[in-house]
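As structure tokens, the structure follows; a few thoughts come after it.
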Amino acid sequence: MIFSDLGAALKISLPIIAMIILGLLLTPTTPEAITAGAEPLSPVLWIALQLLGSVATLWVAVAWHRYVLLAEYPGSVLPRFHGGRVLAYFGWSLVLGVVLFALPGAVIALLAWTATGGVIKEPSAGVILPIVLAALVLVWVLARLSLVLPAAAIGERLGLRDSWQATRPIALGIIGLFALTFGFAMLLMVGVMLAYYALPLAGQIAAAVFQWIMTLLQLSILTTLYGVYVEGRSLD
């Protein structure tokens, strides 16, 4: 999906690319800049960048789902901005991220803190294993419910129960899918680290490319799952 029409992919993801470049320009990331005492971002500017980055990500996510599922190609420079679809996407992201992930995650963190007596130390396997398993279960549940996002992007009605039912045929396959994605991300991260050690500027560029690829990859996975298991499309 990403490289079959690279021109369209670049146009659709241009808002994210612009935010990545802006972040690189404004944030001191090289050892030389940090050693020289470069001023960190002010809280107001940092918050503004986070907000702009969130809007850019939502904009690109909706545009990417619509590009693949509806064959809606970008304009001459930027993808179309569908305000209503972006708000719907944000609403479902909030539900998934806060209610179904952040709150249970906070409970797991509290249990971990309690289990270690509130002291940062090396936890035993009996403590860390249940925490890791609980976190993995949360990610698995989140993945199975996430088909509400591409549905929101294209204006289709799909609830959490519908998403859960639709992903039943690939319930176990999702584990392998995200294991492969994680492994791919680790390989890219090794490349980023090697590039950074060779030349800091090259490392920054590699990190930006890594962020771009992983964003579109995750969106493509969601789009594919929706197309196959909700719309009944073929992978051919």
Side-chain angles (χ1 to χ4, degrees), residues 1-2 6-30 33-34 38-68 72 74-75 77-103 105-106 139 142-143 146 148-154 178 181-182 184-186 188-189 191-193 195-196 200-223:
M1 288 182 185
I2 299 174
L6 187 57
L10 289 173
K11 287 181 181 179
I12 290 172
S13 57
L14 190 57
I16 286 180
I17 294 173
M19 290 308 305
I20 291 175
I21 294 174
L22 183 60
L24 289 175
L25 292 175
L26 295 178
T27 306
T29 53
T30 64
I34 296 173
E39 290 294 330
L41 295 179
S42 67
V44 174
L45 183 55
W46 184 85
I47 292 173
L49 284 177
Q50 298 305 308
L51 290 175
L52 287 174
S54 298
V55 172
T57 301
L58 291 169
W59 182 1
V60 170
V62 169
W64 188 256
H65 292 314
R66 295 180 68 88
Y67 163 66
V68 177
E72 182 180 287
V77 178
L78 293 170
R80 289 182 57 188
F81 184 83
H82 298 271
R85 296 300 95 219
V86 168
L87 285 176
Y89 204 95
F90 171 73
W92 277 118
S93 299
L94 202 61
V95 170
L96 292 172
V98 176
V99 178
L100 299 175
F101 191 76
L103 293 181
V139 173
L142 185 67
S146 293
V148 296
L149 295 175
I154 63 175
F178 280 89
T181 305
F182 179 78
F184 178 66
M186 291 301 98
L188 289 182
M189 277 301 300
V192 170
M193 293 174 63
Y196 186 82
L201 179 59
Q204 292 179 56
I205 295 173
V209 174
F210 167 79
Q211 183 179 347
W212 176 76
I213 289 178
M214 290 309 300
T215 299
L216 291 190
L217 177 61
Q218 292 167 19
L219 291 174
S220 297
I221 289 174
L222 273 183
T223 308

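Only this structure's heavy atoms are used, side chains among them; waters, hydrogens and symmetry mates stay out. All residue numbers in this chain count up from 1 along the given sequence.
Residues Pro150 and Leu222 come closest through the heavy atom pair CG-O, 4.0 Å. When every heavy atom of Pro74 is checked against every heavy atom of Lys11, the shortest pair comes out as CG-CB, 3.8 Å. For Met1 against Val68, the heavy-atom pair with the smallest separation is CE-CG1, 3.9 Å. The two residues Phe178 and Ala143 make their nearest non-hydrogen contact at CE1-CB, 3.7 Å.
For the atom pair Ser13 OG and Leu78 CG, the distance stands at 10.5 Å (nearest 0.5 Å). Atom CH2 of residue Trp212 and atom CD1 of residue Ile20 lie 9.5 Å apart, to the nearest 0.5 angstrom. To the nearest 0.5 Å, atoms OG1 (Thr223) and NE2 (His65) are separated by 4.5 Å.
Counting non-hydrogen atoms of neighbouring residues, nucleotides and ligands closer than 6.0 angstrom, the CZ atom of Phe81 exceeds 12 such neighbours. Atom CZ of Phe210 sits in a crowded spot, with more than 12 heavy atoms from other residues, nucleotides or ligands closer than 6.0 Å.
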What side-chain donor-acceptor pairs closer than 3.5 Å can you find for residues 213-220, not counting sequence neighbours?
unit_1, atom_1, unit_2, atom_2, d
Thr215, OG1, Gln211, O, 2.8
Ser220, OG, Trp64, NE1, 3.1
Ser220, OG, Leu216, O, 2.7

Quick one: side chains of residues 48-59, donor-acceptor pairs under 3.5 Å with protein atoms, not counting sequence neighbours, listed by atom name and distance.
unit_1, atom_1, unit_2, atom_2, d
Ser54, OG, Gln50, O, 2.9
Thr57, OG1, Gly53, O, 2.8
Trp59, NE1, Pro79, O, 3.3
Trp59, NE1, Arg80, O, 3.3

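Residues Leu149 and Leu96 are in side-chain contact: their nearest non-hydrogen atoms beyond the backbone lie under 4.5 Å apart.
Using modelled atom types, one finds a donor on one side chain and an acceptor on the other under 3.5 Å when comparing Glu72 with His82.
Looking at Arg85, its side chain never comes within 3.5 Å of a backbone N or O of Ile154 through a donor-acceptor pair.
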